[in-house]
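Protein chains get the first letters and strands the later ones, always in sequence-line order, with residue 1 at the start of each. Worth knowing before you read on, the calculation uses all heavy atoms, side chains too, and leaves out hydrogens, waters and symmetry mates.
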Protein chains: 2
Amino acid sequence: MAAGKDDLDAYGIPVVPAPAGAASRKRRAIVDAALTEFLAEGYSAASMDAVTARSGVSKATVYKHFGSKERLFLAVIGDVLRKTCADLEPAGQAIAAAPDLRSALVRLTTDRARILLRPDVMALRRLVIGEIDRFPQLGRLWCRVGHDVDDGPLVEALTALDARGDLAVPDPKLAARQLVAATVGVPQLVRTFSPEAEIDEAELERVIGSGVDLFLARYATGA
Amino acid sequence: MAAGKDDLDAYGIPVVPAPAGAASRKRRAIVDAALTEFLAEGYSAASMDAVTARSGVSKATVYKHFGSKERLFLAVIGDVLRKTCADLEPAGQAIAAAPDLRSALVRLTTDRARILLRPDVMALRRLVIGEIDRFPQLGRLWCRVGHDVDDGPLVEALTALDARGDLAVPDPKLAARQLVAATVGVPQLVRTFSPEAEIDEAELERVIGSGVDLFLARYATGA
DNA sequence: GTCTATACCGCGATAGAC
DNA sequence: GTCTATCGCGGTATAGAC
């Protein structure tokens, strides 16, 4: 049992450190192959044989690196989830300082929608939702990094706008959820059940814009 | 190959007629056991052995009735999905005639939320989402009977209200999606990633009421 | 229609040479 | 670290008696 092999991060997902050097390339190949396999088949139907075949290494090597199918799944999905959604981090910080609030909200929600609606992110989301009972840690991780439920920076920005009088938001946490639901949530729901649906750019802009208008009609001050 | 064994309904889901009599009880036991097993384990990890054990019949009987794991899954999930969401059918018909529009919208969305947020319905939803790639028919079926994406009656009601001048709704289809997203969608999203979260009745009323207010702030006429 | 028993396969995980 | 070869188990589906 190597040192640090059972370390868990704040979300209960095993941290498997990547060794530098020649083995690192094989490790990368395993991770890539595993992600493809898990996204295509789901956790249970995914085969470790298929992962080894796709990655070009032997099965023993896979187990030397990750120990078990469950640890491989958590490491791979957790990593890609963190990386993919890292773009969402600097979310609502520019909102409070923006001259035109509507434009700022449209830009914020549109940027988020572009990322969250990407086919690979949607597939990852479906996989996480389907395996929630088996891996509750991934659900908690998705909520935090993807801000699918709570968005800290956005809540803070709405609170600041309320204090300044630019908006009248009695419950910023609820308002943030409503804004996200009325904008990103609408096309996201459609694509959740229709993976093959295309993203019409003009339609997306129209939906997002209408959602922001919905939000502002309720929370904008007369000023 | 019995007659009608390969009949498909409008959604591409096999229709397996239930014979009346003594065998009907066994069939019911199989369906109940299979639903429990699939909801608990997902499609791939679900075991036909576990289904037979839970239902108290032999494995051969299960295969005599349903032919394969795939057909059993489609039949069971499709049936329960239709039955569960049948309560949602008479959706927006009473809206247009209601004296108090806000109360009517709150009642409509609250009723829907109560059904869609039930733990068993949420679990079914997670299962369908996770198996969308394998069974696209279930995604299409969910969209229709659950009105998770499009709600025909609600769209018609909004169109009528717009024509009468009670609301100003330029795009009823989009408005219907926004109403659902801003009300039911908010707690639904939370519980999608947190199966164990409880439904606080007071909190639900507050969220739904706020969502309806959001909707009316945008679409209500001055009158 | 229903049962018991089993064919047959692919799975996750490991042993031991190098 | 990496390989080949294999173990043991549990999976779906079927055969044949009743």
Side-chain angles (χ1 to χ4, degrees), chain A residues 1-6 14 16-34 36-38 40-77 131 134-135, chain B residues 1-6 14 16-34 36-38 40-77 131 134-135:
Chain A
M1 211 166 293
K5 197 181 183 185
D6 284 331
V16 186
S24 178
R25 276 197 306 276
K26 299 212 169 186
R27 191 193 174 82
R28 177 68 54 182
I30 294 171
V31 169
D32 291 346
T36 304
E37 174 73 5
F38 283 129
E41 303 294 334
Y43 174 75
S44 300
S47 154
M48 295 296 273
D49 277 357
V51 172
T52 63
R54 238 192 273 262
S55 60
V57 306
S58 76
K59 211 193 294 197
T61 302
V62 175
Y63 278 90
K64 274 287 177 188
H65 276 275
F66 294 94
S68 73
K69 184 182 184 180
E70 190 172 318
R71 290 174 63 94
L72 174 62
F73 181 74
L74 285 173
V76 170
I77 303 298
E131 301 294 342
R134 211 184 306 265
F135 303 104
Chain B
M1 211 166 291
K5 197 181 184 186
D6 284 331
V16 185
S24 179
R25 276 197 307 276
K26 299 211 170 185
R27 190 194 173 81
R28 176 69 53 183
I30 294 171
V31 169
D32 291 346
T36 304
E37 174 74 5
F38 282 129
E41 303 293 335
Y43 174 75
S44 301
S47 153
M48 296 295 272
D49 276 358
V51 172
T52 63
R54 236 193 275 262
S55 59
V57 305
S58 77
K59 214 189 292 194
T61 302
V62 175
Y63 279 90
K64 274 287 177 189
H65 276 276
F66 294 94
S68 73
K69 183 183 184 180
E70 190 171 318
R71 289 174 63 94
L72 175 61
F73 181 74
L74 285 173
V76 170
I77 303 298
E131 300 294 342
R134 212 184 304 266
F135 303 104

Nearest-nucleotide pick for B:Ser68, side chain only, options being D:dA13, C:dC11, D:dT2:
D:dA13

Integer-rounded Å distance: D:dG16 P and B:Tyr63 OH
18 Å

If I take atom CZ in residue A:Arg71 and atom C1' in nucleotide C:dA13, what distance separates them, rounded to the nearest angstrom?
15 Å

B:Phe73 ring center near B:Phe66 ring center (under 6.0 Å):
no

C:dG12 phosphate, OP1 or OP2: any side-chain N/O from A:Lys69 under 4.0 angstrom?
yes

Taking only residues two or more places apart in sequence, or in another chain, which ones meet A:Ser44 in a side-chain hydrogen bond (donor to acceptor under 3.5 Å, both in side chains)?
A:Arg134

With sequence neighbours left out, write down each residue that passes salt bridge (charged side-chain N to carboxylate O under 4.0 Å, His left out) with B:Lys69, or none if nothing qualifies.
none

Contacts of B:Ser47 meeting side-chain hydrogen bond (donor to acceptor under 3.5 Å, both in side chains) (sequence neighbours excluded), chain-then-number -> none

B:Leu72 CG to D:dG11 P, straight-line distance once rounded to whole Å:
15 Å

When rounded to whole Å, the CZ to C1' distance for the pair B:Phe66 and D:dT14 reads 18 Å

B:Lys64 atom NZ is separated from D:dG16 atom P, nearest whole Å, by 13 Å

A:Met48 CE to C:dT14 C1', straight-line distance once rounded to whole Å
13 Å

At under 4.0 Å between heavy atoms, what does B:Asp49 touch on the DNA or RNA strands: base, sugar-phosphate, or nothing?
base

For A:Ser58, which residues count as a side-chain hydrogen bond (donor to acceptor under 3.5 Å, both in side chains) partner, sequence neighbours excluded?
A:Thr61

May I ask you to evaluate whether B:Lys26 reaches the phosphate of C:dC3, defined as a side-chain N or O under 4.0 Å from OP1 or OP2?
yes

For residues 50-61 of chain A, which residues have at least one heavy atom under 4.0 Å from DNA chain D?
A:Val57, A:Ser58, A:Ala60, A:Thr61

Using the salt bridge (Lys or Arg N to Asp or Glu O under 4.0 Å) rule, collect all pairs that involve residues 53-63 of chain A, keeping only residues at least two apart or in two chains.
A:Glu37-A:Arg54, A:Asp49-A:Lys59

